[in-house]
There are 2 protein chains.
Amino acid sequence: MDKPYILLADILKRHGYSITKPRQTVFTLLINQEPQSMYTLTSRAKGKIDRASVYRTIRIFEEAGIVQRIYIGWKYKVELTDIFSRHHHHLSCLRCHKLLALPEDNTIEKRITVLTNKHHWVVTNHQLEVQGYCEHCQKIESFNL
Amino acid sequence: MDKPYILLADILKRHGYSITKPRQTVFTLLINQEPQSMYTLTSRAKGKIDRASVYRTIRIFEEAGIVQRIYIGWKYKVELTDIFSRHHHHLSCLRCHKLLALPEDNTIEKRITVLTNKHHWVVTNHQLEVQGYCEHCQKIESFNL
DNA sequence: CTGCTTGCAAATCTTTTGCATTGAA
DNA sequence: TTCAATGCAAAAGATTTGCAAGCAG
């Protein structure tokens, strides 16, 4: 068994959930993937796990901090949290909904620390979502920013 | 006609959309409001604008950078973007759920610009949500971070 | 005028639920 | 063995679409 699966089992156990085949399969579908829609996820699970179980699994994964939802365009997508992948931010295009991951950035993290220290808070995590227009969509003639 | 309506008209025009009564009405429903769900919005619009038109309006508003969706609780909500209200970030306490608004911060905004310029995107807005423990909750004895 | 917008109603997509059955611990 | 978890089918919600009629430019 591989490292992330041991971590997964550990987290599930800590939260009082049992380690089942369907849950491990859903997890597999999330590893090393871009954020994906529930439609994509349930499609990829088709034949293996029922749609309802995928939803149920994602729900408990979210509750346990294994996955997080990010909102893009009208819909949301899911991805593994920072525990399983490097921390990053998202840049999304308001027109075509293309999504780009921005790498972790020390300047920003440090600045957050400075700001929050002023208020004497202990910060544990944060999310930064940036919207704009991608290189391609800026050029569309009939479209003036 | 009031200032925000002039700005609204201006943005719509720039994006090639016409200024219609329903669009102005939806805009009115968004002014000076907390972020609201589509259900709330369509309910408040009932009798005046059809549900489908509210959705169509919100979609083009988002594309034009007039509204943004934010993730609060389980569902998303919509609110006017920073163009129409002062930009700020949120700091929320994981234990007592206290919410603090952080003022706009130039260091962060500048850093976002640097990061996104690399990708040749035009950035219009962003949201930063920070979580942690507030001054008070850190001190609670029975509570170990 | 002319083409973009709207309302209406129906269609489609997304997510959840009830229940009998299966499987993990 | 026991109770949580699953698949299936159906219900409930949320969002979109086609089309004729109405308005902005």
Side-chain angles (χ1 to χ4, degrees), chain A residues 1 5-6 8-29 35-64 66-67 69-78 97 140-144, chain B residues 1 5-6 8-29 35-64 66-67 69-78:
Chain A
M1 224 200 206
Y5 289 90
I6 295 175
L8 171 69
D10 182 46
I11 298 175
L12 285 177
K13 202 177 299 175
R14 270 214 310 278
H15 284 260
Y17 296 118
S18 44
I19 295 104
T20 67
K21 190 83 190 310
R23 284 172 186 165
Q24 290 179 328
T25 306
V26 170
F27 182 71
T28 302
L29 294 174
Q36 54 194 311
S37 63
M38 287 306 287
Y39 178 80
T40 303
L41 201 57
T42 52
S43 301
R44 297 212 293 136
K46 201 160 285 173
K48 282 174 283 194
I49 312 144
D50 186 72
R51 201 167 58 247
S53 299
V54 175
Y55 275 97
R56 287 188 277 232
T57 299
I58 290 296
R59 186 197 291 169
I60 72 160
F61 275 13
E62 188 181 33
E63 186 191 318
I66 296 166
V67 306
R69 307 177 181 224
I70 50 180
Y71 281 78
I72 300 147
W74 256 157
K75 317 283 168 161
Y76 67 83
K77 299 190 175 183
V78 293
H97 300 148
I140 307 230
E141 328 74 52
S142 61
F143 191 70
N144 300 309
Chain B
M1 222 200 208
Y5 289 90
I6 295 174
L8 171 70
D10 181 46
I11 297 175
L12 286 177
K13 203 178 295 172
R14 272 213 312 278
H15 283 261
Y17 297 117
S18 44
I19 294 102
T20 67
K21 189 83 191 308
R23 282 171 187 166
Q24 290 179 326
T25 306
V26 169
F27 183 71
T28 301
L29 294 174
Q36 54 195 311
S37 64
M38 287 306 287
Y39 178 79
T40 303
L41 201 57
T42 52
S43 301
R44 296 211 296 138
K46 201 158 287 173
K48 284 173 282 196
I49 313 143
D50 186 73
R51 201 168 58 247
S53 300
V54 175
Y55 274 99
R56 286 188 277 233
T57 300
I58 291 294
R59 187 199 287 171
I60 71 162
F61 274 13
E62 188 181 32
E63 186 188 316
I66 295 165
V67 305
R69 269 185 343 287
I70 53 174
Y71 176 56
I72 296 177
W74 258 84
K75 304 279 171 175
Y76 66 84
K77 301 191 172 183
V78 293

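Worth knowing before you read on, the calculation uses all heavy atoms, side chains too, and leaves out hydrogens, waters and symmetry mates.
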Rounded distance in Å - OH (Y76(A)) to P (dT14(C)):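 Value for this atom pair: 10 Å.
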Gap between atoms CG and P, on D50(B) and dT17(D) respectively (whole Å):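 Rounding to the nearest Å, CG of D50(B) and P of dT17(D) are 15 Å apart.
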side-chain contact (heavy atoms from CB on, under 4.5 Å) between T20(A) and L12(A), worked out: CA-CA 10 Å; T20(A) 67; L12(A) 285 177; over 6 Å; no
A52(A), nearest nucleotide to its side chain (from dG7(C), dT14(C), dA9(D)):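 Nearest nucleotide to the side chain: dA9(D).
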Nearest-neighbour nucleotide for the S53(B) side chain, dT15(D), dT6(C), dC8(C) considered: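 Comparing dT15(D), dT6(C), dC8(C) against the side chain of S53(B), the answer is dT6(C).
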For atom OH of Y55(B) and atom P of dC8(C), their distance in whole Å: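 Value for this atom pair: 17 Å.
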Close side-chain approach of F61(A) to I11(A), heavy-atom, < 4.5 Å: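 Side-chain contact under 4.5 Å: no.
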Sugar-phosphate, base or nothing in reach of R56(A), heavy atoms under 4.0 Å: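 Result for R56(A) = base.
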Rounded distance (Å) that lies between atom C1' of dT6(C) and atom NZ of K48(B):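 Rounding to the nearest Å, NZ of K48(B) and C1' of dT6(C) are 16 Å apart.
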For atom CD of Q24(B) and atom C1' of dA24(D), their distance in whole Å: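 It is 11 Å, rounded to the nearest whole Å.
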Under 3.5 Å: donor-acceptor pair, side chain of R23(B), backbone of S18(B):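 Side chain of R23(B) to backbone of S18(B), a donor-acceptor pair under 3.5 Å: yes, one is there.
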Distance in angstrom units between M38(A) CE and dA14(D) P, rounded: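 In whole Å, dA14(D) P and M38(A) CE are 16 Å from each other.
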Euclidean distance, atom CG of residue L12(A) to atom P of dA25(C) [Å, nearest integer]: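 Whole-Å distance recorded here is 10 Å.
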Sugar-phosphate only, base, or nothing, as touched by K13(A) at under 4.0 Å among non-hydrogen atoms: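 Result for K13(A) = nothing.
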Short side-chain N/O contact from S18(B) to OP1 or OP2 of dG25(D), under 4.0 Å: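 Looking at the OP1 and OP2 atoms of dG25(D), neither is under 4.0 Å from any side-chain N or O of S18(B).
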Any R23(B) side-chain nitrogen or oxygen under 4.0 Å from OP1 or OP2 of dT6(C):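 Affirmative; the distance criterion is met.
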Check: Q36(A) side chain, L29(A) main-chain N or O, donor-acceptor pair, under 3.5 Å: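 Side chain of Q36(A) to backbone of L29(A): a pair is present.
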Verdict with reasoning, T28(B) to Y5(B), per side-chain hydrogen bond (donor to acceptor under 3.5 Å, both in side chains): CA-CA 9 Å; T28(B) 301; Y5(B) 289 90; 2.7 Å; yes
Whole-Å gap separating C1' (dG7(D)) and CZ (R51(A)):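 To the nearest whole Å, that distance equals 11 Å.
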Under-4.0 Å side-chain N/O to phosphate OP1/OP2 contact, T20(A) with dT6(D):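 Indeed, a polar side-chain atom of T20(A) lies that close.
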Closest listed nucleotide, where the reference is the side chain of Y17(B) and the choices are dT16(C), dT6(D), dT5(C):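 The nucleotide sitting nearest to the side chain is dT5(C).
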